[in-house]
Amino acid sequence: MRSVTSGQETGTMVVSEERRQERQERIRRIRRLQRRYPVPGVRVATEEEGKELFDFQARKTLGISGDEFLRRWDAGEYRRLDESPEGRKVMHLAMLIPFARRTPR
Amino acid sequence: MRAARLAKGAVDALVGDLRLAAGCVTKHLLTTTPNQYDPDLVHAIAFGTGAAVPLRGVAGPSGLLFSVRQHYQINQSTTVGHDSEWQVTTTAYDYRLLDRDERELLVFHWQPGPGFHGPDYPHLHVSASLRARISATEEQSLPLDKRHVPTGWITLADIVRMLITEFEIRPIVPNWEQRLHVDG
């Protein structure tokens, strides 16, 4: 009787430990989700996703990689643009630079 | 790190309001930059992958696309005798209404500072041209897409309201007027 009770207690402890770990994992998952989706309908990009987003848009908009756009941007190659839909595409893309790299204010 | 934690409420309020407005006409998520609570950085927000999203009209697909790109910064304001407060300020925006081929129709810009072209005041580009009679025998073309038509400060809610009331874009939530009022 004693050993059975002991066995049950041990079993309960094992289950409790598993439940505790499951609960902690659930909490970690929720916290990860809260970091990615702090507000309903808004997703926070990871640094890698931000770079991918920028690269995708640079290729789509100007046919060059995101890195190449940043190189030209930093070199001042886009300082003299026409005020036209084509010129504005560059500025439109430049609005996404904070996705590509940390942009000090 | 502590600053970022304190700024969280203000940032979440701003992006929450933007999502409330955008969510009146599209189910597409907004995406913000990494480290979105860091007060030392410029942050951006855009739809999903940065692309323009399709808009649905009251009678089916409208054929129009909508793009949002906005910058914000986190500022700490300190008043004597009070705790410091964190405020989030929009520092640039680019709202676009495009046709299905992604050609500009209306572009609402505010991109102040030396990094961007154009004037520092909020303005509008219209992809249309006026024919102005300038004398008894002459007319002159005035392309509006290259001109900066001044506007006041335009919020995303203003644009979404315009899409619904002027361009017959179908609101996808019944309480859209209330949601847009929150933002502005």
Considering only heavy atoms, which portion of [X] lies under 4.5 Å from any heavy atom of chain A: side chain, backbone, both, or neither?
| X | answer |
| --- | --- |
| Ser67(B) | side chain |
| Ala51(B) | both |
| Arg96(B) | side chain |

Value rounded to 0.5 Å, distance of OH in Tyr93(B) from CE in Met95(A):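 Spacing of OH (Tyr93(B)) from CE (Met95(A)) equals 10.5 Å.
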Approximate separation, where rounding is to 0.5 Å, of Phe54(A) CZ and Thr33(B) OG1: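 Here the rounded value is 13.0 Å.
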Close side-chain approach of [X] to [Y], heavy-atom, < 4.5 Å:
| X | Y | value |
| --- | --- | --- |
| Pro40(A) | Arg19(B) | no |
| Thr32(B) | Val42(A) | yes |
| Arg69(B) | Leu96(A) | yes |
| Thr31(B) | Phe99(A) | yes |
| Thr49(B) | Gln57(A) | yes |

Greatest number of heavy atom pairs closer than 4.5 Å to chain A - which of Gln36(B), Glu102(B), His28(B), Lys27(B):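 Answer, by heavy-atom pair count under 4.5 Å with chain A: Gln36(B).
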Pick from His125(B), His148(B), Lys146(B), Arg147(B) with the largest number of heavy-atom pairs that fall under 4.5 Å of chain A: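 It is His125(B).
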Quick check: are there more than 12 heavy atoms from other residues, nucleotides or ligands sitting under 6.0 Å from [atom1] of [X]?
| X | atom1 | value |
| --- | --- | --- |
| Glu168(B) | CD | no |
| Arg105(A) | CZ | yes |
| Arg28(A) | CZ | yes |
| Glu48(A) | CD | no |
| Arg131(B) | CZ | yes |

Applying the 4.5 Å side-chain criterion to the ILVMFWY set and letting contacts propagate, would [X] and [Y] be lumped into a single cluster?
| X | Y | value |
| --- | --- | --- |
| Val88(B) | Trp110(B) | yes |
| Leu53(A) | Val44(A) | no |
| Ile164(B) | Phe167(B) | yes |
| Phe47(B) | Ile97(A) | no |
| Leu30(B) | Leu180(B) | yes |

Residues His43(B) and Thr103(A): side-chain donor-acceptor under 3.5 angstrom: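 No, no side-chain donor-acceptor pair sits under 3.5 Å.
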Heavy-atom pair count under 4.5 Å with chain B, highest-scoring of Ser84(A), Gly87(A), Pro104(A):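 Going by pairs under 4.5 Å, I would pick Pro104(A).
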Part of Arg88(A) lying under 4.5 Å from any heavy atom of chain B: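 Both backbone and side chain.
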Non-hydrogen atoms of Val42(B) and Pro98(A) that approach each other most closely: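 That would be O-CB, 3.5 Å.
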Exercise: identify the closest heavy-atom pair between Trp73(A) and Gly115(B):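 The pair with the smallest heavy-atom distance is CH2-O, 3.3 Å.
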Test: Arg102(A) and Asp40(B) ion pair at under 4.0 Å: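 The answer is no: the pair does not qualify as a salt bridge.
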Carboxylate-amine/guanidinium contact Lys89(A) Glu104(B), below 4.0 Å: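 Salt bridge absent between Lys89(A) and Glu104(B).
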Side-chain donor/acceptor of His117(B) to backbone N/O of Arg79(A), under 3.5 Å: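 Confirmed, His117(B) side chain pairs with Arg79(A) backbone.
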Under 3.5 Å: donor-acceptor pair, side chain of Arg43(A), backbone of Leu29(B):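 Judged by distance alone, no pair lies under 3.5 Å.
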